[in-house]
Amino acid sequence: MTKPFYISTPIYYVNGAPHLGHAYTSTAADVLARFKRLDGYDVFFLTGTDEHGQKVESAARAAGVPPQIFTDRVAADFADMAKRMKISNDDFIRTTEARHKRSCQAIWQKLVAAGAIYLGAYEGWYAVRDEAFYDEEETALKPDGTRIAIASGAAVEWVVEPSYFFKLSAFQDKLLDYYEANPGVIAPAAKRNEILSFVKGGLNDLSVSRTSFSWGIPVPGDEAHVMYVWLDALVNYITACGYPDEGNERFKYWPADVHLVGKEIIRFHAVYWPAFLMAAGLPLPKKVFSHGWWTVEGEKMSKSLGNFIDVRPLVDEFGLDAVRFFLLREVPFGGDGDFSRKSLIMRLNVELANDLGNLGQRTLSFIAKNAGGVVPPRGPLTEPDHALLATADALPGKVRDALDRLAFHEAMEDIWKLVRAANAYIDHQAPWALKKTDPDRMNTVLRVLLEAIRTVAILLQPFMPDSMAALLDQLGQPMTDRQIAALETKMTDGAALPAPSGIFPRYVEKVLE
Ligand code: MSP
């Protein structure tokens, strides 16, 4: 029986078009999902759209269309972005689907039955942009007299309305026990500390319904209320597993192995979500990992600057794999980063075209010309051969370990160490000089190189699926043998290799700046 592995992205708000930030979360989750599949897991990878709430309702109103039509349109755009980025999700959940309404209403009833929900009245600050309630101390007055949430800068408004509350205050100790018993559950460590001190500071009950608008899931038995959009949204992770039907085949995936989220929504995932689940008597997620934010050419992406970048034109210009590579290579995962054309082009030319592209190209075209276009046999090994092969053999373990910690950049760095070592090995071994003097030794050198390149290609598939598929084709690696485990078997002597062609062309900036 293969082990289940469940990874999710947040579900994206459909108040605006998809941009680089969304593509980032999805690509990172996709790399992990693809790696786990290659490593023999039974993966369930979920993404989707968050379609209810005041923010989406007002975006629909501004567009002059009914909310359902509006969300259908924007959700389709998110699904298109996922397709263009080759996101390999197994399901795409939309919170306006009937399965989700059923699931939310079922969990609501569970929470009521558990005595975790009561009717009261909310009076306090609310930021529509964040769809979040704030205590007065979490807000500040701007010089112009308007009030904002300090953490996000979003405008807050004073809300007074009847509301159902979730007894979050009753979960403080249980949450602290959960964090204590599962040290890796909130990562990176800085986020864990932030959440720990927030929870230790005491928790207020949470308003979980609204009455001042209607674009949401009705509260069972009191349809004047719609559920708070974050309760609605978080439940998506179990809806997709078939909740409330716990006998559903998909339910085997719950609890999630990783909820991947941006740093601004960690509190919802690491505090509210486990508390809701505890109250409903459901198992808790194994890990919530928070990643950083991208700025673009040094600026924060914002409506006022109008500098949201859509990744699709970048994919058209640079190629999908170059964009996917850049997103995960440029910044340590968990930290913030800056997107610029200049650094994208630089990484593409140096690391893809020069380092990796050249390694593949010069080895494979040399074999095509001088070694009969087949996998050369290998003779006795020398010290440098052993060294390169040992680096290659150790790599799957290193990559696996880095990806289990969501250290994508570290996995890439480990892979690039092998790429650079292989390039240095060619230079030192100089197979071109061996051609006349010692053809057996030349074959051994080429064979060692092929094994190293195959290791790189197999391990890079999750990051760059198209170009690594092409490289593995050129290495004659059968389609059925591209799992991580395939590296345990050596290549076959004399297997024919197809004609090689370059995989990563250098990018030449067409317009001079
Ligand atoms: N709908 C909620 C999530 C509900 S999950 C139960 C939401 N949606 S969102 O569309 O605003 O953002 C979703 C994701 O996009 C977050 O992980 C967020 O961090 C990411 N990004 C949005 N802008 C970003 C950047 N500028 N940089 C990196 N990622 C950012 O929150």
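Side-chain atoms are counted along with the backbone in the values below, which use heavy atoms only and exclude waters and symmetry mates.
- Between the side chain of Gln172 and the main chain of Val199, a donor-acceptor pair closer than 3.5 Å is present.
- Taking each heavy atom of Ala60 and Pro67 in turn, the nearest pair found is CB-CA, 3.7 Å.
- Of the possible polar contacts, one joining the Arg324 side chain to the Phe463 backbone as a donor-acceptor pair under 3.5 Å is found.
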Open item on the list: What verdict does the salt bridge (charged side-chain N to carboxylate O under 4.0 Å, His left out) test give for Asp316 and Arg84, after you've listed the backbone C-alpha separation in whole Å, the side-chain angles of each residue and the deciding distance to 0.1 Å?
Closed with: CA-CA 10 Å; Asp316 291 338; Arg84 294 286 306 282; 2.6 Å; yes
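- Using a 4.5 Å heavy-atom cutoff, the side chains of Gln105 and Met227 are in contact.
- Remark: the Tyr126 side chain and the Asp130 side chain contain no N/O donor-acceptor pair separated by less than 3.5 Å.
- With rounding to the nearest 0.5 angstrom, the CZ atom of Phe45 is 5.0 Å from the CG atom of Asp30.
- Remark: side-chain polar atoms of Arg192 are paired, donor with acceptor, to backbone N or O of Tyr179 under 3.5 angstrom.
- One finds a salt bridge joining Lys191 and Glu194 here, because a Lys/Arg side-chain nitrogen approaches an Asp/Glu carboxylate oxygen to under 4.0 Å.
- Pairing each heavy atom of Pro220 with each of Gln109, the nearest pair is CB-NE2, 3.6 Å.
- Side-chain rings of Tyr118 and Phe166 stay apart, their centers remaining 6.0 Å or farther from each other.
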- [ ] Please report the C-alpha distance between Thr95 and Glu51 in whole Å, then the side-chain angles of each, then the deciding distance to 0.1 Å, and finally whether the side-chain hydrogen bond (donor to acceptor under 3.5 Å, both in side chains) criterion is met.
- [x] CA-CA 6 Å; Thr95 54; Glu51 307 190 2; 5.1 Å; no
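- Contact of the Leu231 side chain with the Phe276 side chain is registered, since non-hydrogen atoms from C-beta on lie closer than 4.5 Å.
- Side chains of Thr239 and His100: a donor on one and an acceptor on the other come within 3.5 Å.
- Using a 4.0 Å cut-off between a side-chain N of Lys or Arg and a carboxylate O of Asp or Glu, Lys263 and Asp336 qualify as a salt bridge.
- Between Glu138 and Arg267 there is a salt bridge, since a side-chain N of the basic residue sits under 4.0 Å from a carboxylate O of the acidic one.
- Using a cutoff of 4.0 Å between basic side-chain nitrogens and carboxylate oxygens, Asp42 and Lys3 are not scored as salt-bridged.
- Comment: Asp205 does not engage Lys167 in a salt bridge, judged by the lack of any side-chain N to carboxylate O separation of less than 4.0 angstrom.
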- [ ] Quick one: do Phe44 and Phe5 satisfy ring-ring contact (aromatic ring centres under 6.0 Å, His included)? Show the steps, please.
- [x] CA-CA 6 Å; Phe44 179 53; Phe5 183 85; over 10 Å; no
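- Aromatic ring pairs are classed by plane angle as parallel below 30°, tilted from 30° to 60° and perpendicular above 60°; the pair Phe326 and Trp294 is tilted.
- Arg405 forms no cation-pi arrangement with Phe333, by the criterion of a distance under 6.0 Å to the ring centre and an angle within 45° of the ring axis.
- Residues Ser302 and Asn307 come closest through the heavy atom pair N-OD1, 2.9 Å.
- With no hydrogens or angles considered, no side-chain donor-acceptor pair links Trp254 and Glu246 at under 3.5 Å.
- Using cut-offs of 30° and 60° for the angle between ring planes, the Phe268 and Tyr272 rings count as perpendicular.
- Between Tyr122 and Tyr228, the distance from one ring center to the other does not fall under 6.0 angstrom.
- Leu352 and Ala322 make their closest contact through CD1-CA, 3.9 Å (heavy atoms, listed as atom of the first residue, atom of the second, distance).
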Open item on the list: Run the side chain to side chain contact (heavy atoms under 4.5 Å, CB included) test on Met278 and Tyr178 for me, step by step, so that the C-alpha distance in whole Å, both residues' side-chain angles and the decisive distance to 0.1 Å come before the verdict.
Closed with: CA-CA 10 Å; Met278 282 173 187; Tyr178 164 59; 3.9 Å; yes
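- At least one donor-acceptor pair closer than 3.5 Å links the side chain of Tyr6 to the backbone N or O of Tyr237.
- We find that Asp80 and Arg312 are joined by a salt bridge, their nearest charged nitrogen and carboxylate oxygen being less than 4.0 Å apart.
- Taking both residues in full, the closest heavy atoms of Leu46 and Ala240 are given as CD2-CB, 3.5 Å, listed atom of the first, atom of the second, then distance.
- Shortest non-hydrogen contact noted between Ser340 and Ser343 is OG-OG, 2.6 Å.
- Here the CG atom belonging to Leu395 is positioned 11.5 Å from the CD1 atom belonging to Ile458, to the nearest 0.5 angstrom.
- Remark: Lys101 NZ is loosely packed, at most 12 non-hydrogen atoms of other residues, nucleotides or ligands lying under 6.0 Å away.
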- [ ] Kindly determine whether Tyr134 and Ser152 satisfy side chain to side chain contact (heavy atoms under 4.5 Å, CB included), including the steps that lead there.
- [x] CA-CA 11 Å; Tyr134 288 104; Ser152 65; 3.9 Å; yes
TODO: May I have the step-by-step check of side-chain hydrogen bond (donor to acceptor under 3.5 Å, both in side chains) for Arg210 and Gln54, ending in yes or no?
DONE: CA-CA 10 Å; Arg210 304 290 309 271; Gln54 212 171 341; 3.2 Å; yes
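- The environment of Glu180 atom CD is sparse: at most 12 non-hydrogen atoms of other residues, nucleotides or ligands sit within 6.0 angstrom.
- Atom CG of Asp50 sits about 10.0 Å away from atom CZ of Phe78, to the nearest 0.5 Å.
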Open item on the list: One pair to check against ring-ring contact (aromatic ring centres under 6.0 Å, His included): His269 and Phe289. What are the steps and the verdict?
Closed with: CA-CA 9 Å; His269 284 83; Phe289 193 100; over 10 Å; no
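- Remark: Arg99 engages Asp91 in a salt bridge, criterion side-chain N to carboxylate O under 4.0 Å.
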Open item on the list: Run Glu297 and Arg341 through salt bridge (charged side-chain N to carboxylate O under 4.0 Å, His left out) and show every step you take.
Closed with: CA-CA 8 Å; Glu297 310 282 352; Arg341 278 181 70 85; over 6 Å; no
Result block: side-chain N/O donor-acceptor pairs under 3.5 angstrom for residues 7-18, not counting sequence neighbours:
| unit_1 | atom_1 | unit_2 | atom_2 | d |
| --- | --- | --- | --- | --- |
| Ser8 | OG | His259 | ND1 | 2.8 |
| Thr9 | OG1 | Thr47 | OG1 | 2.7 |
| Tyr12 | OH | His22 | O | 3.3 |
| Tyr12 | OH | Ser26 | N | 3.4 |
| Tyr12 | OH | Ser26 | OG | 2.7 |
| Tyr13 | OH | Trp230 | NE1 | 3.3 |

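- Ring-plane geometry between Trp416 and Phe325 is classed as tilted, the angle between the planes lying from 30 to 60 degrees on a 0 to 90 degree scale.
- For Lys86 and Asp466, the salt-bridge test passes: some basic side-chain N is under 4.0 Å from an acidic carboxylate O.
- In this structure a side-chain-to-backbone donor-acceptor pair under 3.5 Å is missing from Glu123 to Val160.
- Aromatic rings from Tyr164 and Trp108 are positioned such that their centres are separated by under 6.0 Å.
- Residues Lys36 and Asp404 are paired through a salt bridge, judged by an N-O separation under 4.0 Å between the basic side chain and the carboxylate.
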TODO: Please report the C-alpha distance between His19 and Met301 in whole Å, then the side-chain angles of each, then the deciding distance to 0.1 Å, and finally whether the side chain to side chain contact (heavy atoms under 4.5 Å, CB included) criterion is met.
DONE: CA-CA 9 Å; His19 59 66; Met301 278 191 282; 3.8 Å; yes
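- At a cut-off of 3.5 Å, with distance as the only test, a side-chain donor of Thr25 or His291 sits close to an acceptor on the other residue.
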Open item on the list: Apply side-chain hydrogen bond (donor to acceptor under 3.5 Å, both in side chains) to residues Arg147 and Thr139 and explain how you reach the verdict.
Closed with: CA-CA 7 Å; Arg147 190 173 282 273; Thr139 70; 2.9 Å; yes
Open item on the list: Determine whether Ser163 and His225 satisfy the following criterion, side-chain hydrogen bond (donor to acceptor under 3.5 Å, both in side chains), listing intermediate values before the conclusion.
Closed with: CA-CA 8 Å; Ser163 172; His225 293 251; 5.7 Å; no
